[in-house]
Q: 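I am attaching a structure below and will ask some questions about it afterwards.
Order of listing sets the numbers, starting from 1, for every ligand and every atom in it.
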Amino acid sequence: MKLSKLARTLKPSATLAITAKAKELRSKGVDIIGFGAGEPDFDTPENIKLAAKESIDSGFTKYTAAGGIPELKEAIRNRILTDYKIEYKNNEILIGSGAKHVLYNLFNVLVDKGDEVLIPAPYWVSYPEQVKISGGTPIILNTTQECGFKITKEQIKSKCTEKTKILVLNYPSNPTGSTYTKEELLEIAAVAKEKNLIVLSDEIYDKIIYSGEQHVSFPQLSQDAKDRTILVNGVSKTYSMTGWRIGYAAGNSDVISAMNNLSGQSTSNPTSISQKAAIEAFSGSQQKVSEMLIEFRTRKDFISSFLNNIKGVKCYIPMGAFYVFPDISYYFGKKFKGKTISNSIELTDFLLNEGKVAVVPGIEFGSDNHIRISYATSMKDIIEGTKRIKETLEKL
Ligand code: PMP
Ligand code: GLU
């Protein structure tokens, strides 16, 4: 059958593909350590699971409003108000089947063919693909490890044309773990105002911050910043609820209403049971979130210092999220069994086949000099996996 032009150009999600490959090898009995997907290894907290069970037992198992139930919108509004002192109304909140789905809807209701969307690199794999699906043009803003993987106001200005519509921000960042200070965000907000950009602020890692400083949410910066921002977040990372598929957008009511229509014509509603569970996640005890952060911090400290002690590896110390993104380009040009390793895909294949450790090539995030390692996995696997990386690289 002849596929559409879109289907023929669409790339699979590299993060999901690597994870599936590692699982398949494991099912065949190969001892693989998986550093692929950004998926916390912790179980979903008990109080959240209980809320889901109660939802099933009480028969809350039917269609809901397309954009989510009012009680969950209220729980989200209260969470944002408590954490960031930002006020939204119910008609400024949309709940979708994960933040990925929310972002997909956002690009589709905002972007017309030819509109340009600014995406800082290294970026999360799905942004450029989703922009392309919506008919837009991704415009990449490259950053360097030396500059903490941060974009500057000059850079934004230099890439703006009359077609530029949206600036995507993601901090703490997947894949680098970099984040912005309030002063840096204020500068970005000033350019966004000057160039009249919509800011799509994906803050899904807002609770996983190591600096000790409070995360600053973009709409917190000023009334103007709030008016031009669509805030995106969800339960996957903070509450270890990746499989429950709940994400949300908060912002301009026209945008929210259009997304509501799109959901109504495509996915109907996010799962009723997961919505009840998410109410408990946002409104119940936040104790588990702090406990998970302590564990992530221990892993981050270990993994970044271990990697920085491997010859030729340069690893930025993350400020948040649960990824490290080391520069491994020192190994390009080196040979194994007569074959030269020349890019991040070949290095990743070498680590998988020779070292039995699965990581994601940096090129998928827009930076071929790097690989991404997710440390949302057990300390035992981190110790074994990083040892394998070191020993395998030493073979080159
Ligand atoms: N944004 C970023 C930056 C991510 O890393 C992810 C990966 N899970 C998502 C959005 C999507 O999350 P989910 O769909 O699980 O809510
Ligand atoms: N966002 C996670 C990651 O980057 C999960 C996989 C995905 O949604 O792409 O690994």
Side-chain angles (χ1 to χ4, degrees), residues 10-23 34-41 44 68 72 76 94-107 119-131 133 149 168-180 200-209 215 218 230-250 259 263 267 270-271 274-275 277-278 281-282 296 318-325 348 358-367 370-377:
L10 206 54
K11 280 206 315 190
S13 159
T15 47
L16 298 181
I18 302 271
T19 311
K21 195 168 174 184
K23 272 191 189 150
F35 286 136
E39 172 162 58
D41 56 317
T44 301
L72 177 53
I76 290 169
L94 174 121
I95 297 139
S97 305
K100 192 184 273 186
H101 172 231
V102 167
L103 286 160
Y104 178 88
N105 275 8
L106 265 172
F107 288 124
I119 304 177
Y123 45 74
W124 175 48
V125 291
S126 292
Y127 298 136
E129 293 309 300
Q130 290 198 348
V131 169
I133 292 170
F149 296 114
V168 175
L169 286 181
N170 167 225
Y171 64 96
S173 150
N174 174 5
T176 65
S178 162
T179 196
Y180 290 96
L200 213 159
S201 196
D202 180 347
E203 303 182 19
I204 199 158
Y205 298 99
D206 66 335
K207 293 291 182 302
I208 307 171
I209 297 259
H215 172 85
F218 206 82
I230 311 288
L231 174 67
V232 175
N233 207 325
V235 296
S236 287
K237 317 293 174 177
T238 306
Y239 302 102
S240 202
M241 290 176 72
T242 45
W244 298 72
R245 311 309 302 131
I246 295 288
Y248 69 81
M259 289 169 80
S263 283
T267 49
T271 309
S274 297
Q275 290 190 65
F282 288 121
F296 281 137
M319 308 294 281
F322 39 59
Y323 309 97
V324 273
F325 199 59
T348 300
V359 303
V360 191
I363 189 73
E364 301 289 353
F365 306 88
S367 180
H370 296 81
I371 54 172
R372 192 193 77 173
I373 300 174
S374 162
Y375 54 88
T377 187

Q: Ligand 2 versus Asn174, non-hydrogen atoms closer than 4.0 Å: side chain, backbone, both, neither?
A: side chain
Q: If we only count N/O pairs under 3.5 Å, is Gly38 in contact with ligand 2?
A: yes
Q: Using 0.5 Å steps for rounding, measure from the CG atom of Asp206 to the OG1 atom of Thr238.
A: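 These two atoms lie 5.5 Å from each other.
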Q: Would you mind reporting whether Thr271 and Arg245 have side-chain heavy atoms less than 4.5 Å apart?
A: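 The answer is no; the side chains never approach within 4.5 Å.
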Q: Is the shortest N/O to N/O distance between Ala99 and ligand 1 below 3.5 Å?
A: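 Yes, at least one N or O pair falls under 3.5 Å.
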Q: Do any heavy atoms of Tyr127 fall under 4.0 Å from ligand 1?
A: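 Yes, Tyr127 has heavy atoms under 4.0 Å from ligand 1.
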Q: So is Asn170 polar-close to ligand 1, meaning N/O to N/O under 3.5 Å?
A: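 No: no nitrogen or oxygen of Asn170 is under 3.5 Å from one in ligand 1.
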Q: Which protein heavy atom lies closest to atom 2 (C) of ligand 2, and at what distance to 0.1 Å?
A: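 Nearest neighbour among protein heavy atoms for atom 2 (C) of ligand 2, to 0.1 Å: Lys237 NZ, 3.4 Å.
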Q: Could you tell me whether the side chain of Ile246 reaches within less than 4.5 Å of the side chain of Met241, counting heavy atoms only?
A: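 In short, these two side chains do not touch, never coming nearer than 4.5 Å.
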Q: How long is the gap from OG1 on Thr348 to CZ on Arg372, to the nearest 0.5 Å?
A: 11.5 Å
Q: Does even one non-hydrogen atom of Glu364 get within less than 4.0 Å of ligand 2?
A: no
Q: Could you list the atoms of ligand 2 found under 4.0 angstrom from a heavy atom of Ser13?
A: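 Every atom of ligand 2 under 4.0 Å from some heavy atom of Ser13: 9 (O).
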Q: Return the residue, atom name and 0.1 Å-rounded distance of the protein heavy atom closest to atom 8 (N) of ligand 1.
A: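 Result for atom 8 (N) of ligand 1: Lys237 NZ, 2.5 Å.
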Q: Using a 3.5 Å cut-off on N or O atoms only, is Ser126 in polar contact with ligand 2?
A: no
Q: About how many Å separate NZ of Lys237 and NZ of Lys207, when rounded to the nearest 0.5 Å?
A: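 So the gap between those two atoms works out to 15.0 Å.
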Q: Quick check against the 3.5 Å criterion: does Thr242 have a side-chain atom that pairs as donor or acceptor with the backbone of Glu39?
A: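 Flag not set: sc Thr242 to bb Glu39 has no pair under 3.5 Å.
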Q: If you measure from CG on Asn233 to CG on Asp202, what distance do you get to the nearest 0.5 Å?
A: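 Asn233 atom CG to Asp202 atom CG measures 7.5 Å (nearest 0.5 Å).
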Q: Provide, to 0.1 Å, the distance between atom 2 (C) of ligand 1 and the closest protein heavy atom, together with that atom's residue and name.
A: Asp202 OD2, 3.4 Å
Q: I need the nearest protein heavy-atom contact for atom 9 (C) of ligand 1: residue, atom name and distance, please.
A: Trp124 CH2, 3.4 Å
Q: How far apart are the closest heavy atoms of Phe149 and Tyr180, and which atoms are they?
A: O-OH, 4.3 Å
Q: Enumerate the atoms of ligand 2 whose separation from the nearest heavy atom of Tyr323 is less than 4.0 angstrom.
A: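 Taking each heavy atom of Tyr323 in turn, ligand 2 has 2 (C), 3 (C), 4 (O) under 4.0 Å.
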Q: In Å, rounded to the nearest 0.5 Å, how long is the span from CD1 of Ile230 to CG of Leu103?
A: 11.0 Å
Q: Once you restrict to heavy atoms under 4.0 Å, what part of Tyr104 touches ligand 1? Side chain, backbone, both or neither.
A: neither
Q: Taking the six-membered ring for Trp and the full ring for Phe, Tyr or His, determine whether the centres of Tyr205 and Phe296 are under 6.0 Å apart.
A: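 For Tyr205 and Phe296, the ring centres are not under 6.0 Å apart.
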Q: Quick one: nearest non-hydrogen protein atom to atom 9 (O) of ligand 2, plus distance?
A: Thr15 OG1, 2.6 Å
Q: I need the atoms of ligand 2 closer than 4.0 Å to a non-hydrogen atom of Ala37, numbered in the order shown.
A: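 Answer, ordered by atom number: 10 (O).
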Q: Numbering the atoms of ligand 2 from 1, which are under 4.0 Å from a heavy atom of Leu16?
A: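 Numbered from 1, ligand 2 contributes 6 (C), 7 (C).
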Q: Using a 4.0 Å cut-off to any heavy atom of Gly98, which atoms of ligand 1 qualify?
A: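 It comes down to these atoms of ligand 1: 14 (O), 16 (O).
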Q: What's the spacing between Leu72 CG and Tyr248 OH if we round to 0.5 Å?
A: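 If we round to the nearest 0.5 Å, Leu72:CG and Tyr248:OH are 10.0 Å apart.
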Q: Tell me the protein heavy atom at minimum distance from atom 12 (O) of ligand 1, and give that distance in Å.
A: Ile204 CD1, 3.5 Å
Q: State, yes or no, whether a side-chain contact exists between Glu129 and Ser13 at a heavy-atom distance under 4.5 Å.
A: no
Q: Tell me whether the rings of His370 and Phe325 are parallel (<30°), tilted (30 to 60°) or perpendicular (>60°).
A: parallel
Q: For atom 14 (O) of ligand 1, which candidate among Glu39, His101, Arg245 provides the closest heavy atom?
A: Arg245
Q: Nearest protein heavy-atom contact for atom 8 (O) of ligand 2: which residue, which atom, what distance?
A: Lys100 NZ, 3.1 Å
Q: I need the nearest protein heavy-atom contact for atom 15 (O) of ligand 1: residue, atom name and distance, please.
A: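 Residue, atom and distance for the closest contact: Ser236 OG, 2.7 Å.
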